Amino acid sequence: MHKTPITVAYGDGIGPEIMQASLRILDAAGAAIAPEVIEVGEAVYKRGELAGIAPEAWESLRRTKVFLKAPITTPQGGGYKSLNVTTRKALGLYANVRPCVAYAPFVQTKHPTMDLVIVRENEEDLYAGIEHRQTDEVFQCLKLISRPGCERIVRYAFDYARQQGRRKVSCFVKDNIMKFTDGLFHQVFEEIGREYPDLEQETWIVDIGAAKLADTPEQFDVVVMPNLYGDILSDVAAQIAGSVGMAGSANIGEQCAMFEAIHGSAPRRAGQNLANPSGLLQGAVQMLLHIGQGEVASRVQNAWLRTLEEGLHTYDIFDQAHSRKKLGTREFADAVIARLGQRPEMLRAVDYPADSRLPQRPLPERPPAHKQLVGVDVFLHQREQPASELGNRLQTLASPGLPLSVITNRGVKVWPNGFAETTCVDHWRCRFLAPAGQAVDFAELLALQTRLNLAGFEPIKTENLYTFDGEPGYAAVHG
Ligand code: NAD
């Protein structure tokens, strides 16, 4: 029988115990895997590897392309980088998939029928780390959203929903405010959604969507969202499911994937045979689905559900009303192993497709748009002053081909015809825009900057304004 090579890291704290327990269950269930062990975490950080992983470990990861990882301890301070962020970036893990399921009455929750999956975009948005201080008063963080990034994550969410027999995909965005970035995510959701008429589809503005998710999570099934909203709401969803200590997550890329528990290394519980291995086991079940071993995944999951409903619980979920016996990590694994082949009677049994691998689809090629330079936003650091005065000075430095169109302060129009009441900071966005239908030459932008500089202004940043196939590639200023 062919065994799929996987890379395994035992991690820190409770990591080694829960990894051993999980691998024993997989082995007993007949998982065809060949684990290769790498070292990551605290000891590696302390040897001076800033991301907690040694160069030779990458070799295993790039070869097996499948990573089952126990939680690690990230040392405080010292310029250490998050191993998870490094792995996601290096291996192109664009999708974070987190099932948030209630296991009532065995795990306490206010939402006993909740069963949803958050699919979070993992590479883009405000997480690129491109931040600047621009003036005394203003700091910025760039939010980057790409069409390929949106297409990949949205298609993944639809393919996943279809493959897992789910009925609905919801999209959370804030495109009433961020019309270009979140607007693109929403547009791609609608475009790709047309190819999945068998799935119900809906879009929520993230604020009301989040409120609904927290109030009536049972109304949701698969929810796809950009990175920041997904980061926050996947924690909210796991928390209200009641199963933070029992949830796993998958990080999926085009070539590689990483599977783990969502909790940390719980150092205070380490080495005492106390920890609940369920979160990591849930990650491992997702791994089995990813490598096409759906039958083994179903066997493990059903035996695990059966163990829970028989009241065999680790200390963290033990309660007098629903638990029969308090078990240690090893004994809990033994109980699951003893129930392989059985199905739960109260909790919902699973029957995953034998081969749950998702289709690999290349992104469509798109011809580049016709791009025309039509103006520039020049950002100036100026101490507070009447906007009319700034406008008058800048007007004299503009040219007929590139007149001053508008000045805003934190996005609010302050020239022409601004209100004296508008609160201003020391950061002004001054838009110079060619008359309608005309293009400008890049040299005109440079000449403008030179004139500004000679007049005593220092542009702290410029953003070129383009049309793409005649459509403005910049947000209009209202007011
Ligand atoms: P934690 O998740 O380790 O622990 C929070 C609480 O939950 C503790 O009371 C702990 O005892 C309990 N708990 C967690 N998992 C449990 C389990 N499987 N069984 C029983 N009880 C469990 O969070 P923390 O204490 O904030 O972080 C500890 C360390 O873990 C830190 O160094 C942090 O950086 C790291 N961490 C790592 C990961 C990861 O590797 N993916 C994720 C989160 C935190």
Side-chain angles (χ1 to χ4, degrees), residues 6-11 13-26 29 31 33 35 66-72 83-84 87-88 93 95-103 106-107 109 114-120 122 156 160 163-164 166 222-223 230-231 233-253 256-266 275-291 293-294 296-305 307-308 314 316-317 329 332-333 336 347-348 350 352 356:
I6 63 166
T7 301
V8 163
Y10 281 78
I14 58 170
E17 298 160 75
I18 60 174
M19 180 60 83
Q20 258 164 17
S22 301
L23 288 178
R24 264 199 315 123
I25 296 169
L26 296 196
I33 52 172
V66 182
F67 188 16
L68 181 62
K69 175 183 155 291
I72 62 159
L83 173 63
N84 273 21
T87 313
R88 275 180 201 158
L93 308 181
N96 181 262
V97 184
R98 184 182 290 188
C100 299
V101 184
Y103 301 104
F106 307 103
V107 179
T109 171
M114 171 176 183
D115 179 359
L116 61 84
V117 182
I118 306 272
V119 176
R120 162 191 170 194
N122 229 356
Y156 183 89
Y160 177 90
Q163 176 66 261
Q164 298 286 316
R166 290 185 173 262
V222 172
V223 192
D231 189 1
L233 292 178
S234 57
D235 273 8
V236 171
Q239 182 72 29
I240 63 172
S243 53
V244 175
M246 307 206 340
S249 86
N251 289 276
I252 308 282
C256 302
M258 173 170 80
F259 303 88
E260 60 182 345
I262 70 170
H263 60 72
S265 59
N276 187 348
S278 298
L280 185 58
L281 189 65
Q282 291 304 293
V285 166
Q286 290 192 61
M287 178 191 76
L288 291 172
L289 294 173
H290 177 79
I291 60 177
Q293 299 188 24
V296 189
S298 301
R299 202 171 317 139
V300 170
Q301 188 70 358
N302 286 331
W304 176 72
L305 292 168
T307 310
L308 288 184
T314 43
D316 53 313
I317 60 164
T329 313
F332 182 81
V336 176
L347 296 170
R348 191 147 48 90
V350 298
Y352 299 122
S356 300

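Bear in mind that the values here come from a model prediction, so they are computed numbers and not experimental data. Hydrogens, waters and symmetry mates are skipped; everything else that's a heavy atom, side chains included, is used.
Atom OH of residue Y352 and atom CD of residue Q293 lie 14.5 Å apart, to the nearest 0.5 angstrom. Taking CG of L281 as the reference point, atom CE of M287 lies at 10.0 Å (rounded to 0.5 Å). Taken from CD1 in I33 to CD1 in I291, the straight-line distance is 6.5 Å, to the nearest 0.5 Å. To the nearest 0.5 Å, the span separating CE on M258 from CD on Q286 amounts to 12.0 Å. Taking CD1 of I252 as the reference point, atom OH of Y156 lies at 4.0 Å (rounded to 0.5 Å).
Residues M19 and K69 fail the side-chain proximity criterion, which asks for heavy atoms closer than 4.5 Å. Looking at heavy atoms from C-beta onward, D115 lies in side-chain contact with R166 at the 4.5 angstrom threshold. V244 places a side-chain heavy atom less than 4.5 Å from the side chain of I262. Counting only heavy atoms from C-beta outward, the side chains of L347 and F106 approach each other to under 4.5 Å. Contact annotation: the side chain of L308 approaches that of I317 to within less than 4.5 Å [non-hydrogen atoms, C-beta and beyond]. The shortest distance between side-chain heavy atoms of E260 and N84 falls below 4.5 Å. Put simply, the side chain of Q282 does not reach to within 4.5 Å of the side chain of V101, judged on heavy atoms. Residues Y10 and Q20 are in side-chain contact: their nearest non-hydrogen atoms beyond the backbone lie under 4.5 Å apart.
What you find for L26 and V300 is that their closest heavy atoms are CD2-CG2, 4.2 Å. Shortest non-hydrogen contact noted between L280 and A261 is N-CB, 3.5 Å. Here the closest heavy-atom approach between residue A237 and residue C100 is recorded as CB-SG, 3.6 Å. The two atoms that bring G11 and A70 nearest to each other are N-CB, 4.0 Å, heavy atoms only. Nearest heavy atom pair, residue C256 against residue L93, reads O-CD2, 3.2 Å. The shortest heavy-atom contact between P71 and S265 is CB-N, 3.6 Å.
A salt bridge does not link D235 with R120: none of the charged nitrogens is closer than 4.0 Å to a carboxylate oxygen.
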Practice prompt. Could you walk me through whether L68 and L23 pass the side-chain contact (heavy atoms from CB on, under 4.5 Å) test, one step at a time?
Written response: CA-CA 10 Å; L68 181 62; L23 288 178; 4.1 Å; yes
Discussion item. Let's go through N96 and R88 carefully: what are the C-alpha distance in whole Å and the side-chain angles of both, what is the deciding distance for side-chain contact (heavy atoms from CB on, under 4.5 Å) to 0.1 Å, and is it a yes or a no?
Written reply: CA-CA 9 Å; N96 181 262; R88 275 180 201 158; 4.1 Å; yes
Practice prompt. Evaluate the side-chain contact (heavy atoms from CB on, under 4.5 Å) criterion for residues N251 and N122: first the C-alpha distance (whole Å), next the side-chain angles of each, then the deciding distance (0.1 Å), finally the verdict.
Written response: CA-CA 8 Å; N251 289 276; N122 229 356; 2.8 Å; yes
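One N or O on the side chain of T109 and one on the backbone of I240 form a donor-acceptor pair closer than 3.5 Å. Within the 3.5 Å criterion, the main-chain N or O of S234 finds a donor-acceptor partner in the side chain of R98. The backbone N or O of A275 lies less than 3.5 Å from no partner atom in the side chain of T314, so there is not a single donor-acceptor pair.
Remark: F259 engages H290 in a ring-ring contact (aromatic ring centres under 6.0 Å, His included) (not counting sequence neighbours). Under the side-chain contact (heavy atoms from CB on, under 4.5 Å) criterion, S278 pairs with M246, N276, W304, F332, not counting sequence neighbours.
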